[in-house]
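Okay, structure first, notes after.
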There are 2 protein chains.
Amino acid sequence: MRQGGTDAVHDERLALRKRRPSLVDAACEHIRASILSGAHWPGSQLPTEAEFVDVLGVSRTVVREAVARLAAAGLVEARQGKGLFVSETARYQAFQITREEVENLSDVIQLLELRLSVETEMAALAAERRSEVDVMSMRQQLKILGEAAIGLDDSVKADVEFHNVIARASKNSYYAKLIDFLGVRLVPPRSLYLRQGQSYVGARYKAVISEEHEAILDAIIRRDPDAARVAARSHMSSSLKRHRDLQDFMSSHSPTG
Amino acid sequence: MRQGGTDAVHDERLALRKRRPSLVDAACEHIRASILSGAHWPGSQLPTEAEFVDVLGVSRTVVREAVARLAAAGLVEARQGKGLFVSETARYQAFQITREEVENLSDVIQLLELRLSVETEMAALAAERRSEVDVMSMRQQLKILGEAAIGLDDSVKADVEFHNVIARASKNSYYAKLIDFLGVRLVPPRSLYLRQGQSYVGARYKAVISEEHEAILDAIIRRDPDAARVAARSHMSSSLKRHRDLQDFMSSHSPTG
DNA sequence: CAGTTATAAGTTATATGACAACTTAAATAA
DNA sequence: TTATTTAAGTTGTCATATAACTTATAACTG
């Protein structure tokens with residue numbers, strides 16, 4: 001029947017309500033706790049599925065799904081014919097940022113602070129290591145950004161891509177990964193600009209951004225790490241200031257105080 | 001029988017060999033691809049388990065485990081009686097670093113480069129925002145580090161904690177989260193020092209590190225962001241240089257070239 | 001005896017069928 | 001109309017069986 005049909009998003013809030021913990025949740029927690037408690041060190045063998053079935057009093061299906069979850073999280077590793085093992089990377093939890101955090105403007109500012117530090121050094125590395133192709137890609141994105149009739153979506157896209165190219169030019173894959181990671185997290189707040197009556201997306205705003213981008217690109221072309229650092233810091237600082245101003249504006253005009 | 005027994009870690013390398021993709025892996029990839037391709041937007045309903053069984057030609061067990069993995073990764077959400085949905089947070093993938101990456105020394109250097117950028121700005125923020133309690137905590141860790149009879153493990157622990165305190169003092173939770181995340185990833189290579197006959201863990205090495213730490217702490221106490229930035233950069237640069245030297249040493253002495 | 005192969009046991013991987021719990025829509029009753 | 005019941009669809013859980021893989025040991029071979 002597929003009751004949801006085309007009206008799948010009929011109630012957003014319902015999706016966020018707390019569900020009572022399932023058996024799989026419980027099994028998951030049991031195994032995770034037994035690992036984090038230190039009873040099993042990385043690389044050591046865990047009890048078998050059958051043993052978990054006995055201890056937890058659930059079916060093998062439940063145990064297997066719990067293991068699937070933990071394996072997906074990189075906490076355990078199942079080896080056919082051998083058994084279940086604590087992953088060597090068990091302590092390597094992911095760097096995660098939840099949706100709730102991002103939707104809070106003050107968190108966005110904190111993220112921008114983090115991004116500032118990353119972008120400055122990344123620009124410096126890019127200045128040292130960039131290739132000619134990298135420079136061409138940067139020029140291309142800035143050209144797109146400079147076009148008069150560009151839409152907001154395309155504008156954001158080109159902006160993000162410009163920074164991605166710098167990340168790649170740094171020849172350090174972790175910068176690229178982190179910037180990509182932080183990038184999608186910083187897209188949502190742009191809707192805030194729109195709510196403010198597009199006061200920030202006017203021509204003057206565009207010109208300022210453009211100048212900042214050009215300064216970064218210039219430094220990278222000249223292979224001048226220090227100048228690139230300064231330019232990138234300046235760019236991110238302005239971005240940060242704009243967000244801070246917005247935060248002040250909203251907190252002084254919001255009905256909730 | 002539990003063949004592994006107490007000898008669970010008998011062959012490290014075996015764990016790293018590529019396993020042929022299981023049916024669950026395939027199913028996982030299929031569903032993930034269908035989401036990332038844009039066919040299903042966040043909040044929309046996915047095909048049912050039964051449909052996946054038909055399309056993929058596998059049992060429900062496989063589909064369920066694949067779903068369990070994707071759910072653990074936060075990509076999908078199963079609601080009993082309703083169906084399978086693309087999670088609202090689907091686009092919020094985690095920033096992950098795998099073990100294979102970390103075990104490569106050149107990757108460690110790349111990570112240190114990333115960390116350098118984070119630490120410099122974090123130290124500057126800490127200088128601006130630190131409380132008296134923060135300063136006390138930093139002093140305490142440096143005092144531990146200065147003790148003569150300290151073991152290597154405790155030394156690493158205090159070192160990590162010192163940087164954690166700075167992260168907290170920055171009053172930006174994302175710095176703390178990221179440093180914590182990167183921190184555990186940078187511990188493994190210390191074993192490399194030991195293999196090199198402890199040439200780097202001598203008294204002179206300790207004195208240099210100590211001076212660098214003191215410089216950072218001084219700047220933070222004086223609430224001097226620029227000085228903190230310089231000191232932190234200097235500290236991380238030296239660390240980076242030590243790793244680069246080690247890399248050169250190993251590549252010129254390794255039997256594989 | 002040394003080295004190889006065969007066998008058996010333990011383990012995970014997969015398949016199948018069944019029932020319970022939950023959700024929705026339609027049918028039914030007041 | 002409104003409320004209740006019913007039926008169908010879906011995920012959650014259980015149980016059983018078989019295949020594939022790994023290891024230790026027994027059996028075999030030279």
Side-chain angles (χ1 to χ4, degrees), chain A residues 1-11 13-15 17-28 30-31 44-72 76-87, chain B residues 1-15 17-31 44-72 76-87:
Chain A
M1 213 200 319
R2 279 290 281 291
Q3 297 91 341
T6 57
D7 187 32
V9 289
H10 60 296
D11 193 345
R13 264 147 228 152
L14 272 181
R17 76 165 199 282
K18 297 274 179 276
R19 294 214 309 267
R20 66 174 176 70
S22 68
L23 293 178
V24 175
D25 291 326
C28 236
H30 179 269
I31 301 175
S44 69
Q45 187 170 22
L46 287 165
T48 66
E49 293 180 354
E51 288 179 80
F52 279 124
V53 167
D54 291 342
V55 171
L56 299 175
V58 296
S59 77
R60 202 173 154 218
T61 308
V62 172
V63 173
R64 282 192 62 78
E65 290 210 20
V67 169
R69 278 196 202 173
L70 296 174
V76 303
E77 208 172 300
R79 298 177 205 166
Q80 184 170 356
K82 297 178 74 174
L84 193 62
F85 296 81
V86 178
S87 170
Chain B
M1 215 204 308
R2 279 288 280 293
Q3 297 91 339
T6 56
D7 187 30
V9 287
H10 60 296
D11 192 345
E12 286 287 271
R13 263 148 231 151
L14 271 183
R17 76 160 200 286
K18 296 276 176 275
R19 293 211 313 265
R20 67 173 174 72
S22 68
L23 295 179
V24 175
D25 291 326
C28 239
E29 269 319 297
H30 178 270
I31 301 175
S44 69
Q45 187 169 20
L46 288 166
T48 66
E49 292 181 355
E51 288 179 77
F52 279 123
V53 167
D54 291 342
V55 171
L56 300 175
V58 296
S59 77
R60 200 178 156 214
T61 309
V62 173
V63 173
R64 282 192 62 79
E65 290 210 20
V67 168
R69 278 197 205 172
L70 295 173
V76 304
E77 210 172 297
R79 298 178 206 165
Q80 186 170 356
K82 297 178 73 174
L84 193 61
F85 296 81
V86 179
S87 170

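So that the names make sense, note that chain A is the first sequence line, chain B the second, and so on, each numbered from 1.
Remark: C1' of C:dT23 and CG of B:L84 are 15 Å apart, rounded to the nearest angstrom. For A:F52 and D:dT13, the CZ to C1' distance is 19 Å, given to the nearest whole Å. Distance CD (B:E65) to P (D:dG12): 13 Å, rounded to an integer number of Å. In this structure, the CD atom of B:E51 is 12 Å from the P atom of D:dG9, given to the nearest Å. In this structure, A:E77 places its CD atom 15 Å from C1' of C:dT11, rounding to the nearest Å. The CD atom of A:E49 sits 14 Å away from the P atom of D:dC14 (whole-angstrom rounding). Distance CG (A:L46) to C1' (C:dG10): 16 Å, rounded to an integer number of Å. For A:L23 and D:dT11, the CG to P distance is 18 Å, given to the nearest whole Å.
Across all non-hydrogen atoms, the minimal contact from B:L84 to B:P47 is CB-O, 4.1 Å. The shortest heavy-atom contact between A:A66 and A:A27 is CB-CB, 3.8 Å. Between B:L46 and B:I31, the shortest heavy-atom contact is CD1-CG2, 4.5 Å.
Between A:R64 and C:dA13, a side-chain N or O to OP1/OP2 separation shorter than 4.0 Å is present. Between B:K82 and the phosphate of C:dT24, there is a side-chain N or O to OP1/OP2 separation shorter than 4.0 Å.
Within the structure, side-chain hydrogen bond (donor to acceptor under 3.5 Å, both in side chains) pairs that include any residue of residues 61-71 of chain B comprise A:R64-B:E65, A:E65-B:R64, B:D25-B:R69, B:E49-B:R64 (at least two apart or interchain).
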Problem set entry | side chain to side chain contact (heavy atoms under 4.5 Å, CB included) between B:F52 and B:V67, intermediate numbers included | CA-CA 10 Å; B:F52 279 123; B:V67 168; 5.6 Å; no

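A heavy atom closer than 4.0 Å to some atom of DNA chain D occurs in A:V58, A:S59, A:R60, A:T61, these being the qualifying members of residues 53-61 of chain A.
Counting distance only, with no hydrogens placed and no angle test, the side-chain atoms of B:Q80 and the base atoms of C:dA21 include a donor-acceptor pair under 3.5 Å.
Remark: A:V53 engages A:R60, A:V63 in a side-chain contact (heavy atoms from CB on, under 4.5 Å) (not counting sequence neighbours).
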